[in-house]
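Notes for the one structure printed next.
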Amino acid sequence: MAKQIKITFEKGGSFVADMLEDKAPVICQVIWEALESPWSEIFIHSNIDGFMVESPYLPVPENLSLPTENLWCFTNNGDIAVIAPAEYREMSIKGYLPLCLSAWRKVKMPTLEKLTGIKIDVSHSTGEDVNQQYKKNMFETCRANVFARIPEDRLEEAALVVERVRTDGMEKFTIERV
């Protein structure tokens, strides 16, 4: 069984996430070691994505050289990620990694063509979905290393917590090993 972490929010909501050791083995080890003791901090709503909360201060060794494993420029529902200093560049603080959690309710999202009102020519297709190409071009400068995922049956609860942080503001949380 994969290693797991548990995230508990001060105002309610708690869920376990599975670490993705097969996709991000070094990052998972770094996170596991960082969580030798439970760690508490504050999540804020991220300005990167409408359904993401983040904390910029996950403590790690100051000399850490984090590899780029399981990189995504736009996370999937239930992803938990850190942003490597190489990606975060001048925003990096030695000895800390930004920790991000994405979760949203299942609703049918409009297509990019519907949102822009224009037909998008895909005749030059690279094989990637046009929406993913758009997101990749917009957010390529700050990719996240996804190291854990909230199970499908807990996404609704996680989405409610993310919505609460988005509307009510900062909230303390604790993350620990299971």
Review point. D18 and Q4: side-chain donor and acceptor closer than 3.5 Å?
Key: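 Yes, because at least one side-chain N or O of D18 sits under 3.5 Å from a partner of the opposite role on Q4.
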Practice item. Taking only Lys NZ, Arg NE, NH1 and NH2, and the carboxylate oxygens of Asp or Glu, determine whether R154 and E157 approach each other closer than 4.0 Å. Key: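 Salt bridge: yes.
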Point to revise | Electrostatic pair R164-E171, nearest N-O below 4.0 angstrom | key: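 Here R164 pairs with E171 in a salt bridge, since their nearest N and O are under 4.0 Å apart.
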Under 3.5 Å donor-acceptor, [X] side chain and [Y] backbone:
X	Y	result
N70	V146	yes
E54	P98	no
N145	E69	yes

[atom1] of [X] to [atom2] of [Y]: how many Å apart, nearest 0.5 Å?
X	Y	atom1	atom2	value
Y96	L58	OH	CG	10.0 Å
N77	I150	CG	CD1	8.0 Å
Y57	L97	OH	CG	13.0 Å
I175	S40	CD1	OG	10.0 Å
S55	I42	OG	CD1	8.0 Å

Is [X] linked to [Y] within one hydrophobic cluster, defined over Ile, Leu, Val, Met, Phe, Trp and Tyr using a side-chain heavy-atom separation of less than 4.5 Å?
X	Y	result
F15	W32	yes
I31	L64	yes
I44	V53	no

Search all heavy atoms of [X] against all heavy atoms of [Y] and return the closest pair with its distance.
X	Y	result
A148	A17	CB-CB, 4.3 Å
P59	A34	O-CB, 3.6 Å
M170	K11	O-NZ, 4.1 Å
S102	N76	CB-O, 3.9 Å
K3	E21	N-OE1, 3.3 Å

Heavy-atom distance under 4.5 Å between the side chains of [X] and [Y], does that happen here?
X	Y	value
E36	R177	yes
I27	L20	no
F147	K23	no

**Study point:** Pair I7-L101, side chain to side chain contact (heavy atoms under 4.5 Å, CB included): steps then yes or no
**Key:** CA-CA 10 Å; I7 302 175; L101 181 154; 3.6 Å; yes
**Study point:** Derivation of the side chain to side chain contact (heavy atoms under 4.5 Å, CB included) call for L99 and F43
**Key:** CA-CA 9 Å; L99 174 71; F43 264 136; 4.2 Å; yes
Review point. Should we count NZ of K172 as having more than 12 external heavy atoms under 6.0 Å?
Key: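 Check fails, neighbour count at 12 or below.
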Check your understanding: Would the W39 and F173 ring centres measure less than 6.0 Å apart?
Key ->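 Yes - the distance between ring centres of W39 and F173 falls below the 6.0 Å cut-off.
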Review point. Under the side chain to side chain contact (heavy atoms under 4.5 Å, CB included) criterion, do I5 and V16 qualify, and how do the steps go?
Key: CA-CA 6 Å; I5 54 175; V16 171; over 6 Å; no
Exercise for review: Would you sort out whether C100 and I80 count as a side chain to side chain contact (heavy atoms under 4.5 Å, CB included), showing the intermediate values?
Suggested key: CA-CA 6 Å; C100 307; I80 301 174; over 6 Å; no
